[in-house]
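Here the structure is a predicted model, which means the values were calculated and not measured.
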Amino acid sequence: MVDIFVEQVSERLIYTLDFIFKERDVPYKIINDFHLFNKSTNIKFNYSPKEVGCKVNIFPSTFLYEEELRDIEVDLSIFEDEECLSFDKVVDPLASIFYILSRYEEYVSTKEDLHGRFLAKHSVQSDFNWLERVVCDVWSEKIIKYIEMKSGQKIIFNIGEVRIMPTFDIDNTFAYKWKKGIRKYLSIAKDKIKRDDNRLLERKEVLIGKVKDPYDTFDYIESITKKGFKVHVFWLLGDYSKYDKNISYLDLRHRSLINEVSINSIVGIHPSYKSNSFRKTIKVERGRLSEILERTINRTRQHFLRFSIPKTYPVLNDLGFKHEFSMGFPDKVGFRTGTARPHFWFDLSRNKITSMMIHPFAYMDGTLNEYLKLTPEESKVKIQQLYHEVRRYGGDFVFIWHNETIGDYGKWKNWRDVLEFTLKLN
């Protein structure tokens with residue numbers, strides 16, 4: 001047991017201490033009574049500016065005791081030979097964990113791309129080259145070992161089981177099949193204008209049943225579930241628009257396919273590009289999937305990874321979603337919240353811990369191929385580095401693929417092998 005002396009208790013502090021200790025099966029107790037703390041025979045840790053006759057002391061910044069949001073001064077500092085953050089010139093590894101884990105900077109930043117997303121290049125992790133490190137876990141272990149060293153007492157902690165967790169987004173169920181009406185004929189006209197004879201021929205062969213639709217990889221996804229992996233599939237059911245182009249949710253064949261996939265995979269909603277923070281739209285699209293599967297849908301990932309934590313997450317939480325899988329960057333691989341561990345979302349606008357679990361992902365197929373321009377072989381090297389980081393510190397190795405990117409088709413030729421490589425990591 002670790003007894004921790006503080007001058008005051010806050011939601012931010014509890015959230016941070018739970019991540020450091022509870023997450024690693026280390027029992028702890030917060031004490032703000034000096035006399036009670038002084039009588040303790042447990043391992044003692046003073047996280048206050050007071051002199052309490054304790055061997056283990058970390059002088060805190062005010063950050064974990066504040067309730068308002070402000071543009072706080074954050075700088076690179078060192079704690080026990082490990083880089084961390086200082087807050088208003090005060091080095092504080094505990095506050096560093098909360099700052100990254102809560103995505104505090106995204107609440108006070110006005111930087112966004114043309115899709116309204118906060119990109120990795122604007123993050124403090126990018127500034128200090130931490131993106132590919134689970135820094136919140138690194139700091140947690142450093143704090144535990146610091147307490148152990150200063151107190152002279154051993155602390156047993158557990159990094160937990162590491163799981164490989166494949167996830168798939170279904171933005172466009174098929175390239176050609178089941179497309180109806182004006183969409184079908186506009187696509188054909190577009191191919192004719194471009195004189196894309198190969199695509200015209202391919203479309204014809206798919207529609208007459210001569211060849212398989214290139215996006216029809218659902219049998220392969222099914223084969224992954226049979227290998228024992230916990231597979232999540234997120235289905236886009238939004239109304240047709242520039243960035244939302246899936247087959248209608250009313251198509252009976254489409255509904256049947258979704259039900260079929262849900263037998264062995266966990267199916268969640270993939271809220272449309274235009275939904276973002278619009279409560280009504282997300283609610284409608286979730287209702288469509290719920291009706292198809294005849295059950296409550298509590299798992300979600302935003303299409304295009306288009307979300308704003310201060311705007312979108314409160315909507316998802318208020319709608320009762322329990323598991324959220326958007327937490328990662330589109331432009332770079334790595335760990336947006338500084339961990340691979342699932343963790344509850346902390347609502348900074350209300351300054352409280354919520355019941356919505358965040359599942360961070362380490363990489364996305366499009367990030368490797370389209371943003372970073374890596375080859376399949378270069379991608380394998382990067383993925384292995386990310387996995388080794390998770391294996392060392394614990395967590396779930398979550399990653400994103402799409403049904404259209406695992407068909408070894410077009411610009412995704414030879415990329416299924418990258419997914420296979422990921423599934424075989426150990």
Got a second to check how far [X]'s [atom1] is from [Y]'s [atom2], nearest 0.5 Å?
X    : Y    : atom1 : atom2 : answer
Y47  : I147 : OH    : CD1   : 11.5 Å
S262 : E294 : OG    : CD    : 10.0 Å
Y371 : L119 : OH    : CG    : 7.0 Å
E141 : C136 : CD    : SG    : 12.5 Å
K44  : N42  : NZ    : CG    : 9.5 Å
N264 : I221 : CG    : CD1   : 12.0 Å

Would the distance check show the side chain of [X] and the main-chain N or O of [Y] forming a donor-acceptor pair, the cut-off being under 3.5 Å?
X    : Y    : value
S126 : S123 : no
D113 : F118 : no
T312 : S308 : yes
E23  : D18  : no
N403 : T217 : no

Does [atom1] in [X] sit with more than 12 non-hydrogen atoms of other residues, nucleotides or ligands closer than 6.0 Å?
X    : atom1 : result
K242 : NZ    : no
N158 : CG    : yes
Q153 : CD    : yes
K212 : NZ    : yes
K380 : NZ    : yes

May I ask you to check whether [X] and [Y] place their ring centers less than 6.0 Å from one another?
X    : Y    : result
F397 : F361 : no
Y104 : F63  : yes
F174 : Y215 : no
Y99  : F87  : yes
Y273 : H115 : yes
H232 : F325 : yes

Do [X] and [Y] have side-chain N/O donor and acceptor atoms under 3.5 Å apart?
X    : Y    : result
D251 : S248 : no
N298 : T296 : no
Y409 : E202 : yes
W401 : Y363 : yes
H323 : T300 : no

[X] bridged to [Y] by N-O distance under 4.0 Å:
X    : Y    : result
E132 : K332 : no
R341 : D137 : yes
K142 : E83  : no
K154 : E148 : yes
D331 : K121 : no
R288 : E285 : no

If I compare all heavy atoms of [X] with all of [Y], which pair ends up nearest, and what's the gap?
X    : Y    : value
I100 : G338 : CG2-N, 3.7 Å
R12  : E68  : NH2-O, 3.4 Å
I30  : V6   : CG2-CG2, 3.5 Å
D365 : W412 : O-CH2, 3.5 Å
S265 : T225 : OG-CG2, 3.3 Å
P214 : A175 : CG-CB, 3.8 Å

Checklist entry - Less than 4.5 Å apart, any side-chain heavy atom of F278 and any of V315? => result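 Contact flag for F278/V315 side chains = no.
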
Checklist entry - Considering only heavy atoms from C-beta outward, does the side chain of D92 approach that of L85 to under 4.5 Å? => result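 SC-SC contact between D92 and L85 ruled out.
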
Next on the checklist: Is the ring pair Y243/F304 parallel, tilted or perpendicular, if the boundaries are 30 and 60 degrees?
Outcome noted: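 Perpendicular, since the angle between the ring planes exceeds 60°.
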
Item to check | Test side chain to side chain donor-acceptor pair (under 3.5 Å) applied to D171 and H270, step by step | outcome: CA-CA 8 Å; D171 302 342; H270 199 36; 2.9 Å; yes

Checklist entry - When you measure from the centre of the six-membered ring of F321, is the NZ or CZ of R299 under 6.0 Å away and within 45° of the axis? => result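 No, a cation-pi geometry is absent between R299 and F321.
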
Item to check | Pi-cation contact, F19 with R24 (under 6.0 Å, within 45°) | outcome: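 R24 over F19 ring: yes.
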
Item to check | Verdict with reasoning, E106 to R336, per salt bridge (Lys or Arg N to Asp or Glu O under 4.0 Å) | outcome: CA-CA 11 Å; E106 297 189 39; R336 188 165 178 166; 2.8 Å; yes

Next on the checklist: List the residues meeting side chain to side chain contact (heavy atoms under 4.5 Å, CB included) with Q8, not counting sequence neighbours, and say none if there are none.
Outcome noted: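 Applying side chain to side chain contact (heavy atoms under 4.5 Å, CB included) to Q8 gives Y65.
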
Next on the checklist: ring pair (Phe, Tyr, Trp, His ring centres under 6.0 Å) for F45 and F5? Distances and angles first, verdict last.
Outcome noted: CA-CA 6 Å; F45 165 38; F5 181 79; over 10 Å; no

Item to check | Check against salt bridge (Lys or Arg N to Asp or Glu O under 4.0 Å), E66 and R70 | outcome: CA-CA 10 Å; E66 298 172 7; R70 65 185 177 96; 2.8 Å; yes

